[in-house]
Amino acid sequence: MCIRDSINAEYMGGELSIFEFLLNLEGAPRAITRTLLVNEMTSLDRVMKTFIIAMGWSGAYESVLSLGEQSWTLSPWFQNGIYEALHNIRLQVENKMTFVYDRETRWTHSVVVKKIHKMTEESVTSDPRLKDALRCPIVIQARNACPPEDIGGMSHYNSFLKKLRSNELKEEQMQALDRYFGTNGLNRQKESQLLLVDPLNEEILQYFDTIGNSFFN
């Protein structure tokens, strides 16, 4: 488990909040979104890492989360843990943050607070996913695959999709793409679709287990 079983009992009185975020990759020709439930006690570096995993990025580049004049940077090269918890930044429903993956290419995402769920017996009964989110963040909906992160940015990605859908790519280019994506992965780039969330949640769970077994380190 990601956190101690006793935490469940301690925070079931409505004092703990679970944020429901809509993470949206801006500038894409189709909606590339993830809806997530995140415990307010989660540290901001882990929130950013969760966004990276949920979108399908590799995590090889620096990321920045910002809210107004405040910003927090996650580096893949340095252990710069951001221990400030999510609840410390006092988010409200419809507040919007910006999350940038890769400062040079600038894959820019909006992060909107859609709901704030209070952890009560009643709320968990009506939506059991909240109890899962108490353990570690979970993706509850994923729409469309993220772009290849080294394609050169959104303008290049839009051009790539246009050629892919209009069959303008040469046979050798299609063969190279098939090797890069795999057939199923290439179809996910070509077609709009909901993605399975279980593989994303398994990766998030593995990450939280690996880094220390708790939000509260």
Side-chain angles (χ1 to χ4, degrees), residues 11 14-29 31-119 130 133-134 136-144 146-147 149-158 200 204 207-208 211-212 214-217:
Y11 289 100
E15 295 181 4
L16 184 75
S17 296
I18 303 292
F19 287 96
E20 183 173 325
F21 290 120
L22 178 63
L23 178 66
N24 176 60
L25 181 61
E26 296 184 344
I32 301 178
T33 64
R34 305 291 184 265
T35 305
L36 305 100
L37 297 176
V38 183
N39 186 325
E40 68 169 340
M41 299 301 291
T42 311
S43 61
L44 294 178
D45 56 339
R46 299 181 185 190
V47 172
M48 285 191 276
K49 183 63 177 180
T50 297
F51 291 165
I52 289 169
I53 295 171
M55 287 301 298
W57 304 122
S58 72
Y61 299 99
E62 198 170 64
S63 302
V64 179
L65 180 68
S66 59
L67 175 66
E69 296 181 355
Q70 301 178 86
S71 65
W72 303 268
T73 300
L74 179 67
S75 171
W77 308 292
F78 305 103
Q79 295 298 318
N80 61 332
I82 305 167
Y83 301 113
E84 185 173 2
L86 185 59
H87 73 88
N88 287 339
I89 60 177
R90 308 296 182 186
L91 292 171
Q92 303 294 326
V93 173
E94 295 303 325
N95 280 175
K96 179 180 176 180
M97 298 185 288
T98 300
F99 175 66
V100 175
Y101 175 70
D102 186 354
R103 282 186 165 187
E104 292 187 8
T105 304
R106 292 195 66 81
W107 296 110
T108 301
H109 312 68
S110 62
V111 187
V112 177
V113 181
K114 301 305 292 183
K115 295 180 182 178
I116 301 175
H117 303 271
K118 294 296 184 181
M119 285 297 295
L130 295 177
L134 186 61
C136 61
I138 61 170
V139 181
I140 59 175
Q141 188 181 81
R143 186 177 296 277
N144 293 317
C146 72
E149 61 186 62
D150 293 322
I151 202 169
M154 190 58 75
S155 61
H156 291 278
Y157 179 59
N158 289 341
L200 300 174
I204 292 169
Y207 164 70
F208 272 78
I211 60 174
S214 176
F215 292 116
F216 303 91
N217 285 344

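Residue indices begin at 1 and follow the sequence shown.
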| said: Salt bridge or not between E20 and K114? Use side-chain N to carboxylate O under 4.0 Å. | reply: no
| Reported CD-to-CZ distance for the pair E26 and R106, which is rounded to 0.5 angstrom | 10.0 Å
| query | Rounded to the nearest 0.5 Å, how far apart are CG of D102 and CH2 of W107? | reply | 9.0 Å
| query | Counting N and O atoms only, with roles assigned by atom type, does the side chain of R34 sit under 3.5 Å from a partner on the main chain of R143, one being a donor and the other an acceptor? | reply | yes
| Can you name the one residue among L36, V111, T42, N39 that meets side-chain contact (heavy atoms from CB on, under 4.5 Å) with V47? | T42
| field | Spatial distance of atom CZ (F51) from atom CG (L25) [nearest 0.5 Å] | value | 13.0 Å
| query | How about E149 and Y101: does a side-chain donor come under 3.5 Å of a side-chain acceptor? | reply | yes
| query | Can any side-chain N or O of H109 pair as donor or acceptor with the backbone N or O of F99 at less than 3.5 Å? | reply | yes
| request: State whether a side-chain donor-acceptor pair under 3.5 Å links S110 with K96. | output: no
| Gap between atom CG of L74 and atom CG of L44 - 0.5 Å precision | 10.5 Å
| Heavy-atom side-chain proximity of I89 to H87 below 4.5 angstrom | no
| field | V64 side chain reached by R103 side chain, heavy atoms, under 4.5 Å | value | yes
| query | Does the side chain of W72 come within less than 4.5 Å of L67's, by heavy atoms? | reply | yes
| said: Would you say that T108 contacts T98 through its side chain, given a criterion of any heavy-atom pair below 4.5 Å between the two side chains? | reply: yes
| Is the backbone N or O of V113 less than 3.5 Å from a side-chain atom of N95, with the two atoms forming a donor-acceptor pair by type? | no
| query | When you look at V100 and Y61, which way does the side-chain contact (heavy atoms from CB on, under 4.5 Å) test go after all the steps? | reply | CA-CA 10 Å; V100 175; Y61 299 99; over 6 Å; no
| request: Look at atom CD of E104 and say whether more than 12 heavy atoms of other residues, nucleotides or ligands are closer to it than 6.0 Å. | output: no
